[in-house]
Amino acid sequence: MVPGEENQLVPKEIENAAEEPRVLCIIQDTTNSKTVNERITLNLPASTPVRKLFEDVANKVGYINGTFDLAWGNGVNTTDTAPLDHTSDKSLLDANFEPGKKNFLHLTDKDGEQPQMLLEDSSNVDDSMHDRFIGPLPREGSVASTSDYVSQSYSYSSILNKSETGYVGLVNQAMTCYLNSLLQTLFMTPEFRNALYKWEFEESEEDPVTSIPYQLQRLFVLLQTSKKRAIETTDVTRSFGWDSSEAWQQHDVQELCRVMFDALEQKWKQTEQADLINELYQGKLKDYVRCLECGYEGWRIDTYLDIPLVIRPYGSSQAFASVEEALHAFIQPEILDGPNQYFCERCKKKCDARKGLRFLHFPYLLTLQLKRFDFDYTTMHRIKLNDRMSFPEELDMSTFIDIEDEKSPQTESCTDSGAENEGSCHSDQMSNDFSTDDAVDEGICLENSSGTEKISKPGLEKNSLMYELFSVMVHSGSAAGGHYYACIKSFSDEQWYSFNDQHVSRITQEDIKKTHGGSSGSRGYYSSAFASSTNAYMLIYRLKDPTRNAKFLEVDEYPEHIKNLVQKERELEEQEKRQREIERNTCKIKLFCLHPVKQVMMENKLEVHKDKTLKEAVEMAYKMMDLEEVIPLDCCRLVKYDEFHDYLERSYEGEEDTPMGLLLGGVKSTYMFDLLLETRKPDQVFQSYKPGEVMVKVHVVDLKAETVAAPITVRAYLNQTVTEFKQLISKASHLPAESMRIVLERCYNDLRLLSVPSKTLKAEGFFRSNKVFVESSDTLDHQAAFTDSHLWKLLDRHANTIRLFVLLPEQSPGSYSKRTAYQKAGGDSSNVDDDCERVKGPAGNLKSVDAILEESTEKLKSLSLQQQQQDGDNGDSSKSTETSDFENIESPLNERGSSTSVDNRELEQNIQTSDPENFQSEERSDSDVNNDRSTSSVDSDILSSSHSSDTLCNADSTQIPLANGLDSHSITSSRRTKANEGKKETWDTAEEDSGTDSEYDESGKSRGDMQYMYFRADPYAADEGSGEGHKWLMVHVDKRITLAAFKQHLEPFVGVLSSHFKVFRVYTSNQEFESVRLNETLSSFSDDTKITIRLGRALKKGEYRVKVCQLLVNEQEPCKFLLDAVFAKGMTVRQSKEELIPQLREQCGLDLSIDRFRLRKKTWKNPGTVFLDYHIYEEDINISSNWEVFLEVLDGVEKMKSMSQLAILSKRWRPSEMKLDPFQELVLESNSVDELREKLSEISGIPLEDIEFAKGRGTFPCDISVLDIHQDLDWNPKVSTLNVWPLYICDDGAVIFYRDKTEEVMELTEEQRNELMKKESSRLQKTGHRVTYSPRKEKALKIYLDGAPNKDVTQD
């Protein structure tokens, strides 16, 4: 039971609730789209009145009772749809609720208005932070029930509001809980708050936005006078010079305290508050060193704002039990002896000395920081110590001031106990909070100064150092992140409160004790790992001094400027309240409008008061869309609109004077529909839109012109027949209904011909918004099957054409005036390829690319003419017969045949009619045709349909545009893809994986009947910043085309063969990825996709792109990327090495001979099988796309000669020196353990019988700490072969550690072990091993005094 629950009264009517049946009510809040998926569950006695049900629901969801309705849901009692009476005294049983069953209810709007929230004054508070509530539960006197706090879903009613606690919370901006905790503590400090109120802001001298004291003053005034539940801190953080990103940075509350105090001191210079921080928070201590031989003492005075207390001494397994114990350790001196001796000025030699701290003065407000955050040198990351450390409500500090323990040599025994706590001396505990008082000299003799020092102290100080605790700043979480909140005692009523961001609640002394930390078990080294993570981090005590203890200023005691500020803030708050009231009654809905001139759909948000009429809303929308100068107001109206389906739901005829609140169904945060500002021409009349109608966009298709017109809109009913629908379209489009064909596009590329006259539109699949194509020509196309008709082909082409923007290489050889059909010819093409290689060179060598193109074209022409003479009339017989289907289609090329040279037409014809046996290309790639071009229907299509028509068409032709931007002459006929039923050979799996698979089998036959694919390219104006020399193409292409065919279409524009350029797809983030799968289509490309063309040889058939990395076994980073290379199927390893040598020399600066390096398998970072020179790729070595290999430079001659050998990497461990030797390679002739031992003995000189070895763990290089290797590895396994458990060494590259079993492990002192631990952790972290912790990068906490983050004024 939670403390305080026993005091809560239980109503008599439910005392015996357990004895009667109970009713389970499940309520769904349907008033808001954000809450529609949430369920509220109440389990009430059956005798509970209905009005009590309404009260409980109101308290649970935070609504005002009487502003909402409850109606039966769809679970039970669905026949009774009337809402329940919220004033009824009927019991739930009498109201037809069923005990023992689920009773579903809907919480709905009342009279068309949304429910009103409780505490409207705090409606601007972000309730998303409720789930961040961490802290003590409410205690006695709390109004809200405990169960409300246990739930992770908080409502206004579940948190104490200001009227009950008297305090206001602070909104957490994101991660500013540390700031809120400190601000609330300062606000609850009477001396600080009163002094802040006395400071007066001069607006003429400083900008109020950047004034930190003024913004703190405003915040404190709001905390004291506001009626809100919580207020924002954005004005305060803005005065710090922080932007919104700072709200997402977690910081240390003690660090913020120091930085804020420093900033306030800077701002308060030369004011009455200049020394306020020092007067309240600053103490003094003496840092001394005393010679134990002569008694001479050197010292200096330091000041402090807080005292840092360690939780657990360094190296200790036991934490301090209390704050008092930690304070004693803080001032416990240490002995400087041995190598740490102190040089005494009086003795003129190094002597033993005592070093320590003495408190000289304690501040009025004593701040203790419990150092719970530490650094673990084993894991090399920060940790939090959750050990228990108790702290008293009253703390007597008189026992800690000026402890005199230096009077005699016998005091050495006192220091012995302190020596046990290593690291507890001040050098480990002192933070940077101590500043040096430069006015105090060091080296003053104790005899001459101690008397004066004692006299200068207040005589009553030791008797008046009783402090009372009033603030505990609590941290919950880990060192990586967590949450702060403050437990503060009010000096007004001596009651403790929990200030947890916007939540303020009463707590008890028991809750304070829970923040001591720790667990119920004993305090051991690992105790904090199992302890609660919620514990005190900062403690603030106030000196109990009646002469100085202040009380808070009352409102009538405020200075005049504070009274004015209070009045100003109240007026602003009232204004905000009125604005919220207006906002609560304002309908906010999306507004769309198709601009009558620009024909562009505009979008905005219409905000209209619920009492405004429809006529007034139209006027507002009219002005919002800037239509005053375009059309008259009476040509506009608002209609209900579904933007997602592009559907006009209904119009509002005769409702011009109806309030918008009624038309829209009340004020809601979101609406399930939108509004459209519809316009008409002055001579037109608005059409009436009735609920239940469907909207149809009708595109008229002209088969002769091959165009698809812009849509016209008609409205129909689902119960209309196709015949009636044709009559409707006939009236709208003026087409004859008798010959009309209607095609419905139900979804993408799903075309259905409406051929049954008596079928209804609903049966045909019509929905709210539909798209149809109509055609009413009197042609024979009506008689053809729909999927073979010209209409289907045209619509199919229309649906599958996409627009791409192609960036050509800089100074691309292809020109728009010379779009020659630059195709790859066969035969001896080495000269052409040589020319193409010149094009691939650096940009500086591209001055004569046009000449190269011209020369290459001439060679192709002469070569083709020679083939024509050899083949005779074979060209006519081998020409694809499928082009005959399209002879009657008009093309601009037929009208301007003279624009294409005879030579070019001959070239196209000869390439089509060439003999496959004489036309074998020396270089074969998957972007090229693998055998001859005449046997491929796709290539004849490319030449006849694309290069002869669309590619060479007149870009200036002005035809009727299609809906997608295509011109009429761009559309050519299409043919459906038909699957080839014959059995075809396919390439092997490795080649498929390589991404360069071909579309043809090895006999050169097409795998299937290919389609005629549309392609058209036009010059496009380059974007700014695209660079000079770059050219853009706007390409309209059928997305079912393969990448190989697409590249062939681009050849004339790029100016080189498709095998000599690469295609890169550009994504929205401007990242580029190469497209390499030549047999895949462009179906994944969308409209307006950008493509970059880069010169460079594309992969040929059977080739693979390989990443070559250098293996550096003894380097910190053993894997270094060198270059990308191309390996081919059937190539030997030696041949690939020969090709790599010049590339390594040019690109990497490595001058290697072929016998001085090897290639080996790479699996992530692990080296594997050594490849021998005679190995053949794909036969002996499996190769795939994106393959990676290691290149390893050899120190001498290659020792690996056969696959039966085994290459192992060995590393010697030297326990007497605590170090590891570099790697050495061993080549074994077998997998025998005896041979391994012999080899290890041979290279190390260790006797064979003393050799011990172990296999390395993890990924290469199998790093392990030298502190762990001796005992962590499985040394000397009892096996005879390497390929069995626990070794499992079956491949090259395994790591073996070995040692001499007679060698003893080095004895380490604790200091040496700690130092070695640091070095090893650092080494392993650099190599990326054994480090699993990745701490969040912290941003330095700074406050900028001028409000500008570019100037660092304050110290960090």
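No hydrogens, no waters, no symmetry mates; every other heavy atom, side chains included, goes into these values.
Side-chain contact check for E1080 versus T1042: every heavy-atom pair is 4.5 Å or farther apart. You'll find the side chain of Y1174 stays beyond 4.5 Å of the side chain of T1132, heavy atoms only. Contact annotation: the side chain of F1053 never approaches that of V1035 to less than 4.5 Å [non-hydrogen atoms, C-beta and beyond]. Side-chain contact between L1122 and C1148: present, with at least one pair of heavy atoms (C-beta onward) separated by less than 4.5 Å. The shortest distance between side-chain heavy atoms of R1040 and L1082 does not fall below 4.5 Å. Counting heavy atoms from C-beta outward, M1131 and I1176 have side chains that stay 4.5 Å or more apart. The closest side-chain heavy-atom distance from K1137 to I1141 is not below 4.5 Å. No side-chain heavy atom of W1032 sits less than 4.5 Å from a side-chain heavy atom of V806.
With hydrogens and angles disregarded, a donor-acceptor distance shorter than 3.5 Å links the side chain of Q1143 to the backbone of E1139. Side chain of R1160 to backbone of G1168: a donor-acceptor contact under 3.5 angstrom is found. Panel note: side chain S1136, backbone V1133; a donor-acceptor pair is recorded below 3.5 Å. Side-chain atoms of T1163 never come within 3.5 Å of backbone atoms of N1166 as a donor-acceptor pair (strictly under, hydrogens ignored). Judged by distance alone, with hydrogens and angles left aside, the side-chain atoms of K1162 form no donor-acceptor pair with the main-chain N or O of L1191 at under 3.5 Å. Using modelled atom types, no side-chain atom of S1184 and backbone atom of W1187 make a donor-acceptor pair closer than 3.5 Å. The backbone N or O of L1194 sits less than 3.5 Å from a side-chain atom of R1156, completing a donor-acceptor pair.
In this structure, CD1 on I1183 lies 6.5 Å from OH on Y1177, to the nearest 0.5 angstrom. With rounding to the nearest 0.5 angstrom, the CG atom of L804 is 6.0 Å from the OG1 atom of T1089. Taking CG of D1180 as the reference point, atom CZ of F1171 lies at 10.5 Å (rounded to 0.5 Å). Rounded to the nearest 0.5 angstrom, Y1014 OH and D796 CG are separated by 14.5 Å. Distance CD1/I1154 to CG/D1173: 6.0 Å, rounded to 0.5 Å. In this structure, CZ in F805 is found 9.0 Å from CG in D1087, a value given to the nearest 0.5 Å.
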Quick one, R1016 with V1037, criterion side chain to side chain contact (heavy atoms under 4.5 Å, CB included). Give me CA distance, side-chain angles, the key distance, then yes/no.
CA-CA 6 Å; R1016 173 188 172 84; V1037 63; over 6 Å; no
Before you tell me yes or no, could you show the steps for E1192 and R1158 under salt bridge (Lys or Arg N to Asp or Glu O under 4.0 Å), namely the whole-Å CA-CA distance, both residues' side-chain angles and the distance that decides it to 0.1 Å?
CA-CA 5 Å; E1192 185 178 13; R1158 65 159 67 133; 3.0 Å; yes
Hey, mind stepping through I1093 and F1064 against side chain to side chain contact (heavy atoms under 4.5 Å, CB included) and telling me if it holds?
CA-CA 6 Å; I1093 304 298; F1064 289 84; over 6 Å; no
Give the intermediate values and the outcome of side chain to side chain contact (heavy atoms under 4.5 Å, CB included) for residues I1091 and F1085.
CA-CA 10 Å; I1091 290 175; F1085 288 65; 3.6 Å; yes
Should D1018 and L1033 be marked as a side chain to side chain contact (heavy atoms under 4.5 Å, CB included) after you check the CA-CA gap, both sets of side-chain angles, and the distance that decides it?
CA-CA 6 Å; D1018 293 303; L1033 289 179; over 6 Å; no
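Listed by chain and number, the residues in a salt bridge (charged side-chain N to carboxylate O under 4.0 Å, His left out) with R1094 are E1072 (sequence neighbours excluded). For F1121, the side-chain contact (heavy atoms from CB on, under 4.5 Å) partners two or more places apart in sequence, or in a different chain, are K1107, C1109, D1124. Judged as a salt bridge (charged side-chain N to carboxylate O under 4.0 Å, His left out), and not counting sequence neighbours, K1161 has no contacts.
Closest non-hydrogen pair, L1043 versus S1075, comes out as CD2-O, 3.4 Å.
Ring geometry for H1049 against F1015 counts as parallel: the plane angle stays under 30°, on a 0 to 90° scale with 60° as the upper cut.
Taking the ring centre of Y1104 as origin, the terminal cationic atom of K1129 falls outside the region bounded by 6.0 Å and 45° from the ring axis.
Looking at Q1048 and S1058, their side chains never bring a donor and an acceptor atom within 3.5 Å of each other. Between T1092 and R1065, the side chains place no donor N or O within less than 3.5 Å of an acceptor N or O (distance only, hydrogens not considered).
Using a cutoff of 4.0 Å between basic side-chain nitrogens and carboxylate oxygens, D1155 and R1134 are scored as salt-bridged.
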